[in-house]
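Have a look at the structure below, then the notes.
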Amino acid sequence: MNDFIIAPSILSADFARLGEEVDNVLEAGADIIHFDVMDNHYVPNLTIGPMVCKALRKHGVTADIDVHLMVKPVDRMIGDFIEAGASIITFHPEASEHIDRSLQMIREGGCKAGLVFNPATPLHYLKHVMDKVDMVLLMSVNPGFGGQSFIPSTLDKLREARALIDASGYDIRLEVDGGVSEKNIAEIARAGADTFVAGSAIFGKTDYKMVIDAMRKELASVR
Ligand SMILES: O=C(CO)[C@@H](O)[C@H](O)COP(=O)(O)O
Ligand SMILES: [Fe+2]
């Protein structure tokens, strides 16, 4: 895998042509696919579930699928997504009754596990499970919708998360999600992120390769 990972969020893709959209964005240089699962309960929107993940695998997608669960309760969905071919499964700690158990279920199913932090959710949920996470995902918008503006206080939170991860000694990716574009990606990387979700910034343009190349060019100036 690249040092920096670009993860297009298919929330902003054309759902009527989803397989083709995923093929095109991978062809354009994306590293993994970010898959937003919303339940109209934990967040006020409803999207896609395990059947769609399975369909993408059947379509021939071999890239990692990064499943961002915005659902409550969490645990039922974990088994379904493991079975559907997810590679990474992240969930919001306040949506799970038993965070440690949910993380273990994900890893036992052969997937990478992660916790997602809303803009106002403190990082202290990480303290006792640092050895059980492969990914820390900081939301830079409130979850539920694509196309929102990046919340600037996320930069300080990224620095805080980066320090915690580095001090832990574990191999943990630091992902950021919401309002990421070629305009702010370098600044976000400098604050410590290494994995970048971008929905509208990529799928909102006609030439996905041009956007992803522009993002990589910005990232090359960072490390
Ligand atoms: O999880 C979410 C929203 O809840 C995201 O993954 C969005 O899909 C990101 O979209 P953009 O802000 O990049 O348009
Ligand atoms: Fe997401």
Side-chain angles (χ1 to χ4, degrees), residues 4-15 18 21-22 25 28 30-50 52-53 56 63-72 74 77 81 86-95 106 111-121 133-155 157-158 161 173-189 193-206 208 211-212 214-215 218-219:
F4 288 126
I5 290 178
I6 295 179
S9 162
I10 56 173
L11 186 62
S12 294
D14 179 353
F15 279 120
L18 191 57
E21 286 274 75
V22 169
V25 86
D31 298 297
I32 66 176
I33 295 300
H34 185 80
F35 190 107
D36 287 308
V37 185
M38 303 183 187
D39 67 349
N40 188 36
H41 172 66
Y42 177 67
V43 289
N45 200 355
L46 187 64
T47 59
I48 45 178
V52 176
C53 183
L56 288 177
D64 281 353
I65 298 181
D66 173 29
V67 174
H68 173 191
L69 292 180
M70 287 163 273
V71 302
K72 188 177 179 171
V74 170
M77 283 293 104
F81 271 101
S87 314
I88 305 161
I89 300 176
T90 63
F91 65 90
H92 291 247
E94 71 278 19
I106 296 170
C111 292
K112 292 195 170 157
L115 291 183
V116 193
F117 296 84
N118 286 334
T121 306
V133 299
D134 304 288
M135 176 88 93
V136 170
L137 169 49
L138 299 197
M139 292 306 297
S140 37
V141 297
N142 287 294
F145 304 95
Q148 303 180 76
S149 299
F150 184 87
I151 297 175
S153 62
T154 311
L155 294 172
K157 200 170 177 186
L158 278 168
R173 306 252 0 152
L174 180 53
E175 185 173 38
V176 66
D177 184 4
V180 177
S181 72
E182 67 272 33
K183 292 195 179 71
N184 59 11
I185 198 167
E187 189 183 17
I188 295 167
D194 54 33
T195 303
F196 308 88
V197 176
S200 50
I202 295 175
F203 287 106
K205 301 270 167 54
T206 44
Y208 304 157
V211 189
I212 293 172
M215 286 179 168
E218 287 293 317
L219 290 172

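Residues: numbered from 1 along the sequence shown. Just so you know, ligand 1 is whichever comes first in the structure, and atom 1 is the first atom listed for that ligand.
Inter-residue side-chain proximity for Phe117 and Pro93 is flagged as met; some heavy-atom pair is nearer than 4.5 Å. Annotation: side chain of Phe196 is not in contact with side chain of Met215 (no heavy-atom distance under 4.5 Å). In this structure, Val74 and Tyr42 have side chains that are not in contact, with every pair of non-hydrogen atoms separated by 4.5 Å or more. You'll find the side chain of Asp177 reaches within 4.5 Å of the side chain of Asp36, heavy atoms only. Two residues are said to be in side-chain contact when any heavy atoms from C-beta on lie closer than 4.5 Å; Thr195 and Val176 fail this criterion. In this structure the side chain of Val67 never reaches within 4.5 angstrom of the side chain of Met77, judged on heavy atoms.
When distances from the Fe ion (ligand 2) to the N, O or S atoms of His68 are compared, ND1 comes out shortest. The atom name of the N/O/S atom in Asp177 closest to the Fe ion (ligand 2) is OD2. Take the N/O/S atoms of Asp36: the one nearest the Fe ion (ligand 2) is OD1.
With respect to atom 13 (O) of ligand 1, the closest heavy atom belonging to the protein is Gly199 N, 2.7 Å. Atom 5 (C) of ligand 1 has Asp177 OD1, 2.9 Å as its closest protein atom, hydrogens excluded (heavy atom only). Of the protein's heavy atoms, Phe145 O, 3.5 Å lies nearest to atom 3 (C) of ligand 1. Scanning the protein for heavy atoms near atom 10 (O) of ligand 1, the closest one is Gly146 CA, 3.6 Å.
Here the shortest heavy-atom pairing between Leu155 and Ile188 reads CD2-CA, 4.0 Å. In terms of heavy atoms, Ser149 sits closest to Val141 at O-CG1, 3.3 Å.
The closest heavy-atom contact to atom 14 (O) of ligand 1, among the options Ser200, Ser9, Gly144, Ser149, comes from Ser200.
Short contacts between ligand 1 and His34, defined as distances under 4.0 Å to a heavy atom of the residue, involve ligand atoms 6 (O). Residue Ala198 has at least one heavy-atom neighbour below 4.0 Å for each of these atoms of ligand 1: 13 (O). Numbered from 1 in the order shown, with element, the atoms of ligand 1 that lie under 4.0 Å from a heavy atom of His68 read 1 (O). Close approach of ligand 1 to Gly178 is summarised as follows: ligand atoms under 4.0 Å from at least one heavy atom of the residue are 12 (O). When each atom of ligand 1 is checked for a heavy atom of Leu11 under 4.0 Å away, the hits are 7 (C), 8 (O). Of all atoms in ligand 1, numbered sequentially from 1 with element shown, those under 4.0 Å from a heavy atom of Pro143 are 4 (O). Of all atoms in ligand 1, numbered sequentially from 1 with element shown, those under 4.0 Å from a heavy atom of Val197 are 6 (O). Proximity to Asp36 (heavy-atom distance under 4.0 Å) selects the following atoms of ligand 1: 1 (O), 2 (C), 5 (C), 6 (O), 7 (C), 8 (O).
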Exercise for review: Tell me, with the steps shown, if Ile10 and Val52 meet side-chain contact (heavy atoms from CB on, under 4.5 Å).
Suggested key: CA-CA 11 Å; Ile10 56 173; Val52 176; 5.6 Å; no

Practice item. Please lay out, stage by stage, how Leu69 and Ile89 fare under the test side-chain contact (heavy atoms from CB on, under 4.5 Å). Key: CA-CA 7 Å; Leu69 292 180; Ile89 300 176; 3.7 Å; yes

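Using a 30° and 60° split on the angle between ring planes, His68 and His34 fall in the tilted class, from 30° to 60°.
In terms of polar-atom proximity, Gly147 is counted as a contact of ligand 1, with an N or O under 3.5 Å from an N or O of the ligand. Considering both main-chain and side-chain atoms, Gly179 comes within under 3.5 Å of ligand 1 through a nitrogen or oxygen pair.
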